[in-house]
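In each ligand, atom 1 is the first atom listed, and ligand 1 is the first ligand listed. Counting from 1, the numbers follow the sequence of the chain as shown.
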Amino acid sequence: MKARAIAHPNIALVKYWGKRSDALNLPAVGSISITLDTLATDTRVHFDPGLEGDEFVLNGVSHAEQGRRVSRFLDLFRARAGVECRARIRSSNNFPTGAGLASSAAGFAALARAVDAALNLNMDRETLSIMARRGSGSAGRSLFGGFAEQRRGQFDDRDDDAGCHSLRAAEDWPLEVVVAITETAQKKTGSTQGMSRSADSSPYFGAWINAQPDDLELARTAIATQDFDRLAEVAEFSCLKMHGLAMGSRPPLLYWNVATVDCIHAVRAMRDDGWKVFFTVDAGPQVKVICAPGWCSRVAERLAGIAGVTDTRCCGLGRGAYVVV
Ligand code: DP6
C-alpha cells in the first residue's frame, strides 16, 4: 500500500488552453509537449487504514485547498480499486511551485504513477495518462518521455479517448531547454481559472479552437522529420496565440513581466544570428528556450545576462513518470 514515483514537468509546444468539460477536465483542444529531465517532482504515497482523512504535504507544508484537489483525485483510484483507505502523500519539487513551470503536470503524473503502484492497479501508461489528466489537463503528457501528444477526444460525457501517446523518444532528437526564471512567486491567476476566463470572455476563443488541428499537424510533421525551423515556427505561433487569447480576456490576463519580453526579444535576435533556438511561455512569466542539441550552455549564458533573469536551468529531454523502488 506504499509507493514512490518521480515525474518531470513537460512544456507544451502546441498549447492546451480551454476545457470542454469541467467535470471530466476534458481539453477543448489537443496539445503537444516535450518532457524535461533535471526538474522533478518526487512523490511518496502510503495508504494507511489508521488515517481518518487524506494528508497532503508539499515541500514540507500541508495545503488544505490543494489537499482537497488531491483527495478528489485519489477518489478516482479508490473507486477503481474498490478501497476506502485514506492516504498520506509527501511530495517535493526541486523547482518553484505554481509559477508557470508545470508543477501541477509533474505533480499529478507522479501521483498517478505512485497511487497506481501502491494500490496494485497496474494500469498501462495511456490509461494512467487519462487518470492524470483528470488531476490537471497537462499532466497526462508527463507520463510519456520525449515528445508526447494529448488527444482532445470526441465525447463530452466520457474520456476514454482523451489520453496521451508518445510521438518520439527523447533519445531520437535530444533537444535541450533553458528555463529562464524571472519570478519565483506563485502566479495570481492559475491556468484553470485563466482558461475558464478566456473561454467565457475572449473574442478569439472560437478561432483558437478552430485553428488547433492545423498547428498540431504541423508540429507532428516537424517532430517526425526533425525539422527544427518548422517546429520553432509553429511553437512560437501557438504560444503567442495563447497569450493573445489570454490578453483578450476580460479582465485581461497578462502573464509576462519586463524580463519575459526581453528574453523573447533576445531569442529572436539569437535566431537572426543563426542560433537554433525558439521560445515558449506558459501561464507565468518564465521563458523556456528550446535549443537544438549542443546549444544549451551558450543560450543560458546569454539569457543570464538579461536584467530580471534571476536563474537559468538547463534541461535535456527526459523520461515519462516512473516508480522508484
Ligand atoms: C499554459 O494543465 O495547468 O501550461 O487542466 O486546469 O490543471 P488544468 O490546467 P493546466 O494548464 C496548462 C496550460 C499551459 C499550456 C499547456 O501546458 O499545454
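Nearest heavy-atom pair across A3 and A117 is CB-CB, 3.7 Å.
The protein residues lying under 4.0 angstrom from ligand 1, judged by non-hydrogen atoms, are A12, K15, Y16, W17, K19, N25, R69, S104, S136, G137, S138, R141, S191, T192, M195, M242, D282, A283.
Between R78 and D75 a salt bridge is recorded (basic side-chain N to carboxylate O distance below 4.0 Å).
D124 places a side-chain N or O within donor-acceptor distance of the main-chain N or O of T127, the cut-off being under 3.5 Å. Looking at R133, its side chain does come within 3.5 Å of a backbone N or O of L24 through a donor-acceptor pair.
Within the structure, side chain to side chain donor-acceptor pair (under 3.5 Å) contacts touching residues 291-306 (residues at least two apart or in different chains) do not occur.
Between W173 and F147, the two ring planes are parallel [angle under 30°; tilted spans 30° to 60°].
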